Amino acid sequence: EFTEIAYALPWPLGLIVPRTQESVYRALSRVLLRVRHAMTLLGSSWNTFRALSTALGSPRRARSVGSAASAAPWLLAVRRRAGPTVSRLSLLRWRLHTALGAVEAFWLVDVISARFHELVERAAHSQDFGDLRRAHIHFVNQLALESFLTDRAVQRALDHLLRLVHVLG
């Protein structure tokens, strides 16, 4: 949540990348790292839900093995109450992981990769340093716009989603 990325641009990149544009790189890197971290937490929580499901046992499997009749009454009560909750939490974990995976793929493929390809094309056809600088400024502006970095409502919703993941993780 408090990740800050800083780097020194080697010469001559510092001439092409204005200081004002570095903030877009930092913001996009920060949000991508947060999404990746949340997906890692959700991935590791899958093992926890799997172990819980195994420990609680499924009613179908218990009936088929015949262990339901021999199980302690308190264990049957725990299975009845906790089983559906574990199932719902596991489904929520899966849906969050899927949603964050789609967000990450959108940013990496549809925004960053596509805009970078355009930047390379524009740079190849640039006639002078000014063309190259304008191409880069356009690239960074498109990254900010298409990744919704400037949309407060989207950023707030994503922040709430990532906080939910940290509660589950």
Side-chain angles (χ1 to χ4, degrees), residues 1-54 84-169:
E1 191 170 326
F2 298 105
T3 305
E4 183 66 32
I5 298 171
Y7 53 92
L9 292 173
W11 189 88
L13 286 180
L15 301 173
I16 298 170
V17 180
R19 283 266 191 236
T20 57
Q21 306 256 299
E22 288 180 26
S23 63
V24 174
Y25 282 120
R26 281 195 301 273
L28 191 54
S29 297
R30 184 173 42 249
V31 75
L32 282 169
L33 283 172
R34 288 182 69 204
V35 167
R36 173 52 45 193
H37 182 253
M39 289 179 64
T40 302
L41 284 175
L42 289 168
S44 64
S45 70
W46 180 82
N47 292 326
T48 303
F49 285 118
R50 186 169 169 229
L52 275 172
S53 294
T54 302
T85 302
V86 169
S87 294
R88 284 191 294 270
L89 285 173
S90 183
L91 180 61
L92 175 62
R93 185 218 61 85
W94 178 80
R95 287 179 176 166
L96 286 170
H97 192 273
T98 301
L100 289 175
V103 168
E104 182 185 47
F106 168 74
W107 277 332
L108 293 175
V109 177
D110 296 336
V111 177
I112 297 171
S113 182
R115 295 309 142 241
F116 183 74
H117 178 71
E118 289 176 5
L119 172 65
V120 169
E121 288 293 317
R122 289 181 75 171
H125 295 96
S126 64
Q127 299 296 317
D128 58 17
F129 180 76
D131 287 345
L132 190 57
R133 185 177 170 96
R134 282 187 295 279
H136 183 267
I137 290 171
H138 177 74
F139 166 72
V140 173
N141 289 339
Q142 287 303 112
L143 285 182
L145 180 67
E146 293 179 25
S147 61
F148 302 103
L149 290 177
T150 57
D151 189 322
R152 295 220 188 272
V154 171
Q155 290 304 310
R156 203 172 317 120
L158 183 62
D159 189 54
H160 287 309
L161 184 65
L162 293 173
R163 286 176 193 263
L164 175 63
V165 168
H166 283 277
V167 168
L168 282 176

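Predicted, not measured: the structure shown is a model, and the values here were computed from it.
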What's the shortest heavy-atom distance between [X] and [Y], and which atoms?
X: Q21; Y: V140; value: OE1-CB, 2.9 Å
X: L100; Y: L158; value: CD2-CD1, 4.3 Å
X: R122; Y: A135; value: CB-CB, 3.8 Å
X: H125; Y: E121; value: ND1-O, 2.7 Å

To the nearest 0.5 Å, what is the distance between [atom1] on [X] and [atom2] on [Y]?
X: R115; Y: D110; atom1: CZ; atom2: CG; answer: 8.5 Å
X: S126; Y: R133; atom1: OG; atom2: CZ; answer: 13.5 Å
X: L145; Y: H138; atom1: CG; atom2: NE2; answer: 9.5 Å
X: E146; Y: F106; atom1: CD; atom2: CZ; answer: 7.0 Å
X: L41; Y: R36; atom1: CG; atom2: CZ; answer: 11.5 Å
X: R134; Y: N141; atom1: CZ; atom2: CG; answer: 13.5 Å

Residues, nucleotides or ligands: over 12 heavy atoms within 6.0 Å of F116 CZ: no

Contact check, side chains of F139 and H136, non-hydrogen atoms, under 4.5 Å: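 Yes, close enough: below the 4.5 Å cut-off.
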
Side chain to side chain, L28 and I112, heavy atoms closer than 4.5 Å: yes

Geometric class of the H166/H37 ring pair [parallel <30°, tilted 30-60°, perpendicular >60°]: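 Parallel.
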
Donor-acceptor under 3.5 Å ([X] side chain, [Y] main chain):
X: W107; Y: S147; result: yes
X: D159; Y: Q155; result: no
X: S29; Y: R26; result: no
X: R93; Y: L42; result: yes

Verdict with supporting geometry, L143 and L149, side chain to side chain contact (heavy atoms under 4.5 Å, CB included): CA-CA 8 Å; L143 285 182; L149 290 177; 5.9 Å; no

